[in-house]
Amino acid sequence: MILPFTEERLTAYAEDTMRWLSGVDAGGVVLAVGSDGEGLYDVEALAAWAHGRGTPLMLATSEPYRAWADVTDIIRNEREHAADHLREIQREVTRPDGLRRLMRWLGRRVGGSVVLLDRAGMPRHAFPELPENVIEQAAADIERVVSGEAHAAAADVEAGVIHVQSIGDGTHDATLLVARSERFPAPVRNLIGDASRLLSLRWRLEESGRRQRHVDQAEAQIREVVLHLLMVGQLEAARRVAETVGPSLAEKIRVYIVECPAEGRDLSVAECDRASRGRAWIVRCPVYTHHVIVLAPAQEVADAMDERLRGHAGRSEDVHVGRSHTVPLQDLGSGYRQAFHALAIARGRSEHYAAFSVRGDLAALVRPRGYAWARALLEPLRDYRPDRSQDPDGAELTATLQSWLDFYGGSARQLKIHRNTLSARLRHIEKILGLSLDDLETQAKLHLALRVLGGPGGAVDEAALETILDTAEVRDWAATQVSPLARRDSEHALETLRVWLRNNAHLERTASALGISAPGVRKRLIRIEEVLGRSLLNGPSARYDLWFALRVYADPAEHPGTRSQAHCAT
């Protein structure tokens with residue numbers, strides 16, 4: 001405030017003025033005493049009052065009107081300058097990297113270093129970097145602010161002066177430290193105060209986003225864990241974990257696999273959640289980064305899910321949906337394979353949507369007579385006990401084998417292990433079983449044995465595999481699998497499939513055997529996928545079922561009057 005008193009008014013009203021000023025929270029007083037300086041007795045009284053109040057007092061020896069004009073110009077300029085700074089602060093803090101940008105801006109403006117400390121007192125952002133010994137020298141003052149004992153503190157260090165203050169609403173979530181070689185004049189302190197308010201808001205925003213990302217990541221990992229537990233048959237454990245994030249797992253489900261660009265998975269997840277009204281268990285596939293797996297309650301939202309996901313697939317060339325039949329929750333593995341095979345068909349359809357076509361389940365057909373065979377084949381692995389407690393045991397190695405047979409190299413992502421660890425485990429499994437996993441016949445037998453043991457028990461007496469497969473039901477199953485290709489001899493589909501399986505599903509070897517290019521073999525296999533309604537090139541693949549089907553099936557065109565043959569080694 002500016003008091004343009006004349007000598008008479010100052011003498012008459014000095015006491016009243018001091019009394020009035022006592023009730024005002026004045027930032028400072030400018031006293032225009034005139035060029036002759038008369039009335040200094042009362043000026044001294046006002047100066048004594050100002051000193052006692054801690055209020056700055058400035059004496060202006062120019063005429064009152066001139067002092068008024070000069071001071072108002074100064075105030076106006078300072079306000080304009082402060083407004084410019086606020087605009088700059090707002091511009092910096094609202095950019096994508098706003099926190100770092102505002103820190104750099106403030107560091108340049110104050111001519112020093114700016115450090116943001118988290119609630120534990122650890123530096124999170126700094127510009128420019130501050131030597132560690134500077135923070136150590138002011139450790140006690142920093143601790144007072146970080147702990148909430150003080151809102152602000154200042155300290156002298158070898159490099160100059162440090163100003164420390166809590167930012168925000170007093171919760172001490174973050175602390176701002178500013179260091180410079182000189183003292184902090186009022187304009188610099190004001191600048192720090194203005195910037196700290198927006199720093200606090202930006203810090204809270206970024207911390208909230210960081211925590212939300214951590215929550216989302218944790219939830220995604222929990223969902224992957226539940227999926228893994230279901231795949232390995234740990235039903236009760238999966239239910240307990242699922243209850244922590246919801247929704248609950250339904251007794252009967254339909255499995256959907258939504259294929260979309262990896263960057264569009266969040267949109268597909270949201271679409272699936274809306275389609276199920278929040279009742280489906282939705283997982284971002286850990287193996288295929290462009291897949292979303294949906295376990296939808298079959299009885300509650302099946303029709304709505306079908307309609308909504310058909311529409312979702314039909315709106316984009318990059319979205320495809322495969323759907324299983326209704327399966328019990330404990331048979332999720334079968335439902336997933338069905339949806340995966342349906343997805344292979346959806347890619348070739350204009351509507352980009354397909355449901356699985358039932359062709360029977362070999363494991364269910366052979367389980368009553370083949371349970372003892374499957375148990376004997378896998379017994380060395382299931383009963384394995386490592387020499388060291390930190391090494392994987394039989395259960396973990398069995399899960400590794402199951403994952404690898406389904407996903408091949410992608411199983412490292414599903415199991416959350418390194419590729420080298422996966423390779424080492426597979427070599428160890430080969431040693432335990434005494435078998436080569438490079439052989440497709442071995443893979444097919446192990447895959448069938450794992451599926452058989454995944455269901456209810458069967459006969460205790462072990463039978464040879466050829467005996468287990470030599471039933472009318474299995475022969476009918478084999479004919480169902482292969483017969484669609486037998487009607488496409490003009491495209492050599494059946495012969496291509498035989499040669500591909502005989503060469504352990506290697507494209508280059510198959511191409512050499514057929515006398516065509518590897519891309520040509522791939523195109524034929526894709527056409528076979530469309531005919532059979534099953535996936536061949538990607539896992540879970542139907543190659544194992546087809547290996548058995550071709551060993552059992554006899555083409556009537558090649559062997560008239562012969563219904564079937566079985567040539568399966570034990």
Side-chain angles (χ1 to χ4, degrees), residues 216 219-220 222-231 235 238-239 241-359 361 533-535 540:
D216 292 343
E219 181 178 342
I222 290 173
R223 292 182 177 276
E224 289 183 20
V225 168
V226 170
L227 184 67
H228 177 72
L229 290 172
L230 290 172
M231 286 291 195
L235 189 62
R239 288 187 184 280
V241 177
E243 291 293 338
T244 62
V245 295
S248 301
L249 296 168
E251 291 292 340
K252 293 185 178 294
I253 59 172
R254 282 185 181 176
V255 182
Y256 297 82
I257 298 179
V258 180
E259 182 178 72
C260 59
E263 63 275 12
R265 282 212 295 187
D266 289 345
L267 293 177
S268 289
V269 167
E271 184 71 20
C272 294
D273 196 41
R274 288 192 294 270
S276 70
R277 300 192 294 274
R279 298 180 184 178
W281 188 261
I282 304 171
V283 185
R284 293 169 176 82
C285 180
V287 178
Y288 298 109
T289 58
H290 52 293
H291 284 183
V292 174
I293 303 170
V294 184
L295 314 183
Q299 298 177 347
E300 300 177 22
V301 297
D303 293 339
M305 284 290 294
D306 283 352
E307 182 180 355
R308 189 73 175 255
L309 291 184
R310 281 180 185 274
H312 182 51
R315 288 192 294 270
S316 173
E317 293 292 328
D318 297 326
V319 177
H320 305 88
V321 178
R323 194 210 79 190
S324 76
H325 288 291
T326 298
V327 297
L329 182 63
Q330 59 266 29
D331 203 13
L332 169 63
S334 175
Y336 176 76
R337 286 189 289 271
Q338 290 180 12
F340 196 89
H341 294 316
L343 182 63
I345 306 308
R347 297 188 188 105
R349 292 185 174 179
S350 59
E351 62 268 32
H352 304 161
Y353 182 97
F356 181 71
S357 176
V358 177
R359 293 184 180 276
D361 183 355
R534 307 288 295 277
S535 173

So, for Ala354 and Arg349, which heavy atoms are closest and what is the spacing to 0.1 Å? CB-NH1, 3.6 Å

Taking all atoms of both residues into account, what is the closest heavy-atom pair of Cys285 and Tyr336, and its distance? SG-OH, 4.5 Å

Got a second to check how far Arg308's CZ is from Asp273's CG, nearest 0.5 Å? 10.0 Å

Which side-chain N or O atoms in residues 287-297 pair as donor and acceptor under 3.5 Å with protein atoms at least two apart or in another chain?
| unit_1 | atom_1 | unit_2 | atom_2 | d |
| --- | --- | --- | --- | --- |
| Tyr288 | OH | Gly539 | N | 3.2 |
| Tyr288 | OH | Gly539 | O | 2.5 |
| His291 | NE2 | Glu259 | OE2 | 3.2 |

With rounding to the nearest 0.5 angstrom, report the CD to OG1 distance, Glu251 to Thr326. 13.5 Å

Are more than 12 heavy atoms, taken from residues, nucleotides or ligands other than Glu219, located less than 6.0 Å from that residue's CD atom? yes

What is the ring orientation for His320 with His352, classed by angle as parallel under 30°, tilted 30 to 60°, or perpendicular over 60°? tilted

Output the distance between atom CD1 (Ile282) and atom OG (Ser276), rounded to the nearest 0.5 Å. 5.0 Å

State the OH-CZ distance between Tyr353 and Arg310, to the nearest 0.5 angstrom. 5.0 Å

Drop me the distance from Ser248's OG to Trp281's CH2, to the nearest 0.5 angstrom. 9.0 Å

List the atom of Ala355, the atom of Ala342, and the distance in Å for their closest heavy-atom pair. C-CB, 3.8 Å

For Glu307, I'd like to know if atom CD has over 12 heavy atoms of other residues, nucleotides or ligands within 6.0 Å. no

Closest heavy-atom contact between Gly333 and Met231? CA-SD, 3.9 Å

Check against side chain to side chain contact (heavy atoms under 4.5 Å, CB included), Val255 and Gln338: CA-CA 8 Å; Val255 182; Gln338 290 180 12; over 6 Å; no

Met305 and Cys272 have their tightest heavy-atom pair at SD-O, 3.9 Å

May I have the step-by-step check of side chain to side chain contact (heavy atoms under 4.5 Å, CB included) for Val327 and Ile253, ending in yes or no? CA-CA 6 Å; Val327 297; Ile253 59 172; 3.9 Å; yes

Which is it for Arg323 and Leu309 under the side chain to side chain contact (heavy atoms under 4.5 Å, CB included) test, yes or no, and what are the steps along the way? CA-CA 10 Å; Arg323 194 210 79 190; Leu309 291 184; over 6 Å; no

Where Leu249 and Arg239 come nearest, the two heavy atoms and their spacing: O-NH1, 3.1 Å

To the closest 0.5 Å, what do you measure between CG (Leu235) and CG (Leu332)? 10.0 Å

Ionic contact status for Arg274 with Glu271, cut-off 4.0 Å: yes

